[in-house]
Amino acid sequence: MLTPAPSATKPDPQDLLAWYDRHRRDLPWRAKPGVTADPYRVWLSEIMLQQTTVTAVRPYYLNFLERFPTVEALAEAPSDAVMQAWAGLGYYSRARNLHACAKAVVEKHGGLFPGTEAELLKLPGIGAYTAAAVAAIAFDQKAAAVDGNVERVMSRIFMVEEALPKAKPLIRSLTEELVPADRPGDFAQAVMDLGATICTPKRPACALCPWMVPCRARAEGLQETFPKKQKKETGQLRKGAAFVVLRADDTILLRTRPPQGLLGGMAEPPTSTWEPDYQPSRAVLDAPIEARWQRLPGTVKHVFTHFPLELTVLFAKVAKGTPAPEDMRWTPRLQLHEEALPGAMKKVLVHALGEIPGGKAKASAKD
DNA sequence: AATCCGTGGTG
DNA sequence: TCACCAAGGAT
């Protein structure tokens, strides 16, 4: 051979499992060592953890478990209660699918989650990753759960030059070959713990890594350049107006967004359309109700996945008995915290009314 | 296959 | 400030 192989050593799953036994994170949805996990809790946590940090999920998970202790309880709950409990966590289609999935498990599977990847995959809100994760963690199936952590770890270990997402099939097959037959669930959680605590996106702690020796990227000093990714551009700023109406009986005008699309099924004060060239000076023309509108100083800014939003807030007081326009309703100000209000809309209400009693949105007045 | 979906933390 | 990212799925 004229050129030496980068590394002939293969990563040993047992080395990772030994590391996991000493350094595993203690998480509320994670069963104690040697104990088989409850499928309902594993599934619930996996849905919440999709594209969401452990820190953000923890309080929501505990609250959900208290309000909906079993899959039956969740299936029987009204949709409003589920959406309200999810409000603030983001990606609200997850909440709708979560509810639909609970109903399907009760109606089609007698209240017991199916134990194979293929059957799990048929349920709403469960894709390739979650099916494998639940199968491995809750049912000891030899399944490869490939999430963002695993993609990062594998792309570094094997120095995958192809960019994501094109590299997904290759990374999946590389992962499948490493899943051990004896502890597939622990292996899945071990790779994710490694990615979350050692093999981090920036400044990975390679010196502490159980797979430092076989890691090809580390051998080249190029670990931080993996995984390669396609760039995506940030969206254009959209502007609009939000209308906060306070009726004399201390109620606020709200509506529910359509079930599909952005913030689907969530509550909000009425707003104009959101467009790049929206003129706030003409916002009163879009008002849902006739009133003496007061344009509040400053704006509310919010960043969605694919575009930033800037809302001008208009405020009005109206007389008791004023009827709500079509498809809108009056909610007592003291019950706003029971509404399924996404973060952006909480910011709007806080901007106009001050802190929401029992709410937990942060104020954000600018300009 | 590429786009659409929230939010909060971080360097 | 800002780009990046976090236990992805549906269409």
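Chain letters run A, B, ... following the sequence lines, proteins first and then strands; every chain starts at 1.
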Would you classify [X] as touching base, sugar-phosphate or nothing, given that sugar-phosphate means primed atoms plus P, OP1 and OP2, and contacts are heavy atoms under 4.0 Å?
{"X": "A:Leu27", "result": "base"}
{"X": "A:Trp29", "result": "base"}
{"X": "A:Gly88", "result": "sugar-phosphate"}
{"X": "A:Ala128", "result": "sugar-phosphate"}
{"X": "A:Pro124", "result": "sugar-phosphate"}
{"X": "A:Val57", "result": "nothing"}
{"X": "A:Arg96", "result": "nothing"}
{"X": "A:Ala188", "result": "nothing"}

Once you round it to whole Å, what is the distance between [atom2] of [N] and [atom1] of [X]?
{"X": "A:Leu89", "N": "C:dA7", "atom1": "CG", "atom2": "C1'", "result": "13 Å"}
{"X": "A:Met154", "N": "C:dA7", "atom1": "CE", "atom2": "P", "result": "14 Å"}
{"X": "A:Glu151", "N": "C:dC5", "atom1": "CD", "atom2": "P", "result": "12 Å"}
{"X": "A:Gln236", "N": "B:dT3", "atom1": "CD", "atom2": "P", "result": "16 Å"}
{"X": "A:Arg94", "N": "C:dA10", "atom1": "CZ", "atom2": "P", "result": "12 Å"}
{"X": "A:Trp43", "N": "C:dG9", "atom1": "CH2", "atom2": "C1'", "result": "14 Å"}
{"X": "A:Arg58", "N": "C:dA7", "atom1": "CZ", "atom2": "P", "result": "14 Å"}
{"X": "A:Ile137", "N": "C:dA7", "atom1": "CD1", "atom2": "P", "result": "13 Å"}

Original post:
Would you say the side-chain atoms of A:Arg94 and A:Gln51 include a donor-acceptor pair closer than 3.5 Å?
Top reply: no

**OP:** Return yes if a side-chain donor-acceptor contact under 3.5 Å exists between A:Tyr129 and A:Glu46, otherwise no.
**Re:** yes

Is the distance from OP1 or OP2 of [N] to the nearest side-chain N or O of [X] less than 4.0 Å?
{"X": "A:Gln51", "N": "C:dG8", "answer": "yes"}
{"X": "A:His306", "N": "B:dC5", "answer": "yes"}
{"X": "A:Arg30", "N": "C:dA7", "answer": "no"}
{"X": "A:Tyr91", "N": "C:dA6", "answer": "no"}

Original post:
Any donor-acceptor pair under 3.5 Å linking the side chain of A:His351 with the backbone of A:Pro297?
Top reply: yes

**OP:** In whole angstrom, give me the gap between the P atoms of C:dA7 and B:dC4.
**Re:** 24 Å

Original post:
Parallel under 30°, tilted from 30 to 60°, perpendicular over 60°: which one fits the rings of A:Trp211 and A:Phe187?
Top reply: tilted

Original post:
Parallel, tilted or perpendicular for A:Trp29 and A:Tyr61, by the 30°/60° rule?
Top reply: perpendicular

Original post:
Which residue lies toward the 5' end of DNA chain B, A:Lys166 or A:Lys202, if each is placed at its nearest nucleotide?
Top reply: A:Lys166

Original post:
Want to settle it: does A:Thr55 or A:Phe307 sit nearer the 5' end of DNA chain B, counting the closest nucleotide to each?
Top reply: A:Phe307

Subject >> 4.5 Å side-chain heavy-atom contact, A:Phe113 and A:Glu119 >> reply: no

Subject >> First of A:Val54 and A:Asn97 reached from the 5' end of DNA chain C, by closest nucleotide >> reply: A:Val54

**OP:** Could you check A:Thr130 against A:Lys229 and say which one's nearest nucleotide on DNA chain C is further toward the 5' end?
**Re:** A:Lys229

**OP:** Look at the side chain of A:Thr305 against the base of B:dG6 and say whether a donor-acceptor pair falls under 3.5 Å; ignore hydrogens and angles.
**Re:** yes

Original post:
Side chain of A:Arg25, base of C:dA7: donor and acceptor closer than 3.5 Å?
Top reply: yes

Original post:
For the rings on A:His306 and A:Phe304, is their centre-to-centre separation under 6.0 Å?
Top reply: no

